[in-house]
Enquirer: 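Structure below; questions to follow.
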Amino acid sequence: MERRDPTVRDLEDALRSDSRLPGVTGFTGAPGTGKSTLVDAVVSLLRTRKQSVAVLATDPNSPFTGGAILGDRIRMQRHALDPKVFIRSMGARGHLGGLSLASREAIRLLGAFGFDEVILETVGVGQSELEVAAVADTTVVVLTPNLGDSVQMIKAGILEIADVFVVNKADIDGHGRVVAELRTMLNMAPKTSWKPPIIPTVATRQEGVEQLWVAVLAHRTHLEKTGKAKELSERRLRDETAEVAAELARERTRRALREDPTLAERLLKDGTPYRTAEEILRTRTDN
Ligand SMILES: Nc1nc2c(ncn2[C@@H]2O[C@H](COP(=O)(O)OP(=O)(O)OP(=O)(O)O)[C@@H](O)[C@H]2O)c(=O)[nH]1
Ligand SMILES: [Mg+2]
């Protein structure tokens, strides 16, 4: 799948018909807030409950594909030999269609392999991170007392995507202030049917992790009860189809320009990308 092998497409469609989608939880937040440590603690919790779990660490700014973000691998090493735990890092570059498409595909495959839960860890708070977050059913935004990152987060519009807030490093000074700030902000936000809870944690000591998971499951139940779960999965299917279509069109266009010198020459002479693109999409097929 990561190599974009075309045969995987058929495999994926075949898998989709009878595979159950796993629960998908995204963890996002500024670098160093403790996401990996927290995810590792959640993995331990899920394993005590006999659930299988896959962790996809996505770094929109990293060129690495198929490898592992070293730090994450070290932090989650105690799970490395557990066959019910799968950990993989994905970088954005080299993934046509972007990381959100890549993670959607990965989630479907993991579901087909019977994983109960998928956790996405995404570094940062930029646009591409928000796109990755949109792939998750529940998005956990991780803040800490230092860094002043609460303000940064709000700037990035993260309030809209947070279903659960974690204020990690509760063992550090200034923790209460961040929680209070956040609470004020949430109280000022427009009323919605789901109010994001704020969970204090000390990830390094596994404190607050059970409460965090209770909040995640409560959000999942909320999605199901309100019909939002269905709405979300339908929207995702439409979005994914549009992304796949864009990727196929891009591939087809590149190939046409490569394989048809007269077309390429005319493009260079006339400088008409729109007309050329339309013509390619109208007249070419993939075979
Ligand atoms: N004091 C304290 N330190 C913590 C806590 N949780 C994590 N840390 C430390 O914070 C550092 C960063 O933790 P990571 O889990 O790598 O953070 P991350 O958000 O995954 O980092 P990136 O993947 O680089 O964005 C490590 O040194 C952790 O040991 C906590 O609750 N309290
Ligand atoms: Mg990490």
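Whatever order the structure lists them in is the order used to number ligands and atoms, beginning at 1. What's counted below: heavy atoms across the whole structure, side chains too, no hydrogens, waters or symmetry copies.
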Enquirer: Where the side chain of R284 meets the backbone of R252, is there a donor-acceptor pair that is under 3.5 Å apart?
Expert: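 It does not hold such a pair.
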
Enquirer: Hey, which atoms in ligand 1 end up nearer than 4.0 Å to a heavy atom of T37?
Expert: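 What qualifies from ligand 1 is 7 (C), 13 (O), 14 (P), 15 (O), 28 (C).
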
Enquirer: Taking only residues two or more places apart in sequence, or in another chain, which ones meet H175 in a ring-ring contact (aromatic ring centres under 6.0 Å, His included)?
Expert: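 With sequence neighbours excluded, H175 shows a ring-ring contact (aromatic ring centres under 6.0 Å, His included) to no residue whatsoever.
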
Enquirer: Which atoms of ligand 1 sit under 4.0 Å from any heavy atom of D171?
Expert: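 Taking each heavy atom of D171 in turn, ligand 1 has 1 (N), 2 (C), 30 (C), 31 (O), 32 (N) under 4.0 Å.
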
Enquirer: Looking only at heavy atoms, is any part of V202 under 4.0 Å from ligand 1, and if so is it the side chain, the backbone, or both, or is it neither?
Expert: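 Both backbone and side chain of V202 come within 4.0 Å of ligand 1.
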
Enquirer: Can you tell me if NZ on K84 sees more than 12 non-hydrogen neighbours from other groups inside 6.0 Å?
Expert: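 Open.
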
Enquirer: Out of K169, E121, K35, Q206, whose heavy atom sits nearest atom 3 (N) of ligand 1?
Expert: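 It is K169 whose heavy atom sits nearest to atom 3 (N) of ligand 1.
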
Enquirer: Show which atoms of ligand 1 fall inside a sub-4.0 Å distance from at least one heavy-atom site of P31.
Expert: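 Going through ligand 1 atom by atom, the ones under 4.0 Å from P31 are 25 (O).
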
Enquirer: Suppose we only count N/O/S atoms under 2.8 Å; would T37 qualify as near the Mg ion (ligand 2)?
Expert: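 No, outside the cut-off.
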
Enquirer: May I ask you to check if ligand 1 and I172 share an N or O to N or O distance below 3.5 Å?
Expert: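 The answer is no, given that I172 and ligand 1 share no N or O pair closer than 3.5 Å.
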
Enquirer: Please tell me whether N168 and T201 have a donor and an acceptor in their side chains that are separated by less than 3.5 angstrom.
Expert: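 Yes.
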
Enquirer: Among the heavy atoms of G29, does any lie under 4.0 Å from an atom of ligand 1?
Expert: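 G29 does not count as a contact of ligand 1 under the 4.0 Å cut-off.
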
Enquirer: Less than 4.0 Å between a side-chain N and a carboxylate O, is that true for R49 and E117?
Expert: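 R49 and E117: not salt-bridged.
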
Enquirer: Name of the E121 N, O or S atom nearest the Mg ion (ligand 2)?
Expert: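 Result for E121 and the Mg ion (ligand 2): OE2.
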
Enquirer: Do S36 and E121 have a side chain donor and acceptor closer than 3.5 Å?
Expert: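 Per modelled atom types, S36 and E121 side chains form a pair under 3.5 Å.
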
Enquirer: Considering both backbone and side-chain atoms of G32, is one of its nitrogen or oxygen atoms within less than 3.5 Å of a nitrogen or oxygen in ligand 1?
Expert: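 Yes; at least one N/O pair falls below 3.5 Å.
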
Enquirer: Would you say D260's side chain and T262's backbone share a donor-acceptor pair under 3.5 angstrom?
Expert: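 Pair found, side chain donor or acceptor close to backbone of T262.
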
